[in-house]
Amino acid sequence: VRPAAPTAPDLPRGPPLGLMFRLILVAAASVLFAAVLALAEAAITRSSRVRAAELADEGRGGAKALGRILDDSAAYLSVTAFLRSVAEAVAAVCITLAVTRSLAGFWRPLLTSIAIMTLVSFLAVGVSPRTLGRRHSDVVGLTLAPVVVWLRRLLGPIARLLVSLANLATGGGYKDGPFQSESELR
């Protein structure tokens, strides 16, 4: 006869540092990826077709990809928003698992995880990359536009499906989601 499996409160806390290190590493990588996506979004929404054409005339790498994005920015922004949400969710789960392994009880780990992810999301994904993306929109846009084009090619159908499901839930909506296009920015 095997003994019963341990219940959640009976699980050992603390020391599996290998697990803690992996959780924190995955969380940090996810936050970094979300920050890069927020950086790209800010640069794209700050850019214009005219500026992309000027950069293309100068022969700058990434200008054609940037122009392509600006021709249909809502479709590209739906993909970056989807991936940014996934990355932030992964980070939140990893941090919550790490904190739960370190702190006893229910409320302490819960509130600690919420506090950590609120600060990280606001500073590292919200404010800082968006400020940098807006401030350096040409360099960021040119650098990240080819990556965003590739991501849309890979994940565009999934983002479009999720937007369609959201549109069904809200009784209608936008083909590529309620994301800003250049015409909406004017």
Side-chain angles (χ1 to χ4, degrees), residues 22-49 51-52 62-98 113-114 116-186:
R22 289 190 307 248
L23 287 169
I24 292 169
L25 185 65
V26 170
S30 296
V31 167
L32 179 62
F33 184 57
V36 168
L37 292 168
L39 186 71
E41 290 170 357
I44 289 165
T45 57
R46 178 77 173 195
S47 299
S48 70
R49 289 185 186 133
R51 183 64 184 143
K64 287 182 181 178
L66 182 59
R68 185 177 187 179
I69 290 169
L70 293 172
D71 286 339
D72 189 15
S73 61
Y76 289 91
L77 291 174
S78 68
V79 172
T80 59
F82 165 66
L83 286 174
R84 188 174 32 78
S85 296
V86 170
E88 287 186 81
V90 168
V93 168
C94 288
I95 291 298
T96 301
L97 288 171
S113 299
I114 290 170
I116 290 169
M117 283 311 302
T118 299
L119 286 173
V120 168
S121 290
F122 185 74
L123 297 175
V125 179
V127 176
S128 300
R130 292 181 193 287
T131 300
L132 290 172
R134 289 179 60 82
R135 191 178 296 154
H136 305 287
S137 59
D138 284 355
V139 172
V140 171
L142 293 172
T143 303
L144 295 178
V147 175
V148 172
V149 167
W150 180 81
L151 289 171
R152 180 180 179 220
R153 197 173 297 136
L154 183 68
L155 298 169
I158 295 170
R160 200 171 310 114
L161 173 66
L162 293 173
V163 167
S164 296
L165 291 173
N167 286 340
L168 284 174
T170 59
Y174 305 96
K175 176 183 165 223
D176 292 307
F179 304 100
Q180 290 181 327
S181 65
E182 187 179 1
S183 62
E184 291 172 326
L185 294 172
R186 289 184 186 159

- Message: Does any part of the side chain of Arg46, heavy atoms only, come nearer than 4.5 Å to the side chain of His136, both counted from C-beta?
- Response: no

- Which value, rounded to the nearest 0.5 Å, describes the distance between Tyr76 atom OH and Asp71 atom CG? 8.5 Å

- Task: Taking all non-hydrogen atoms of both residues into account, name the closest pair between Ala52 and Ala63 and its distance.
- Result: O-CB, 4.0 Å

- In this structure, CG of Leu66 is separated from OG1 of Thr143 (nearest 0.5 Å) by 10.5 Å

- Who pairs with Leu25 by side-chain contact (heavy atoms from CB on, under 4.5 Å), at least two apart in sequence or on another chain? Phe21

- Gap separating the CG atom of Leu39 from the OG atom of Ser137, nearest 0.5 angstrom: 10.5 Å

- Message: I need the minimum non-hydrogen distance between Ser78 and Val163, along with the two atoms involved.
- Response: CB-CG2, 4.4 Å

- Note on the structure: Closest non-hydrogen contact found for Gly141 with Ala43 is N-CB, 3.7 Å

- Pro146 and Gly62: which non-hydrogen atoms are nearest, and at how many Å? CG-CA, 4.1 Å

- Set of side chain to side chain donor-acceptor pair (under 3.5 Å) partners for Arg51, sequence neighbours left out: Glu54, Asp138

- Item | Contact check, side chains of Phe82 and Leu162, non-hydrogen atoms, under 4.5 Å | yes

- Task: Return yes if some donor-acceptor pair links the side-chain N/O of Arg84 with the main-chain N/O of Ala38 below 3.5 Å, else return no.
- Result: no

- Sorted by chain and residue number, the side-chain contact (heavy atoms from CB on, under 4.5 Å) partners of Leu83 (sequence neighbours excluded) come out as Phe33, Leu37, Val79, Leu151, Leu155

- With the side chain counted from C-beta on, respond yes when Val36 and Leu144 share a heavy-atom pair under 4.5 Å apart, and no when they do not. yes

- Kindly compute the distance separating CD1 (Ile44) from CD1 (Ile69), expressed to the nearest 0.5 Å. 4.0 Å

- Task: Any salt bridge (charged side-chain N to carboxylate O under 4.0 Å, His left out) involving residues 23-35? Give me the pairs, sequence neighbours left out, ordered by first then second residue.
- Result: none

- Message: Once salt bridge (charged side-chain N to carboxylate O under 4.0 Å, His left out) is applied, what residue pairs with a partner in residues 120-136 remain, sequence neighbours excluded?
- Response: Glu41-Arg130

Show every donor-acceptor pair shorter than 3.5 Å between a side-chain atom in residues 119-129 and any protein atom, with sequence neighbours excluded, or say none if there are none.
from, atom 1, to, atom 2, distance (Å)
Ser121, OG, Glu88, OE1, 3.2
Ser121, OG, Met117, O, 3.0
Ser128, OG, Leu123, O, 2.9

- So do the side chains of Leu77 and Thr80 get within less than 4.5 Å of each other, counting heavy atoms only? yes

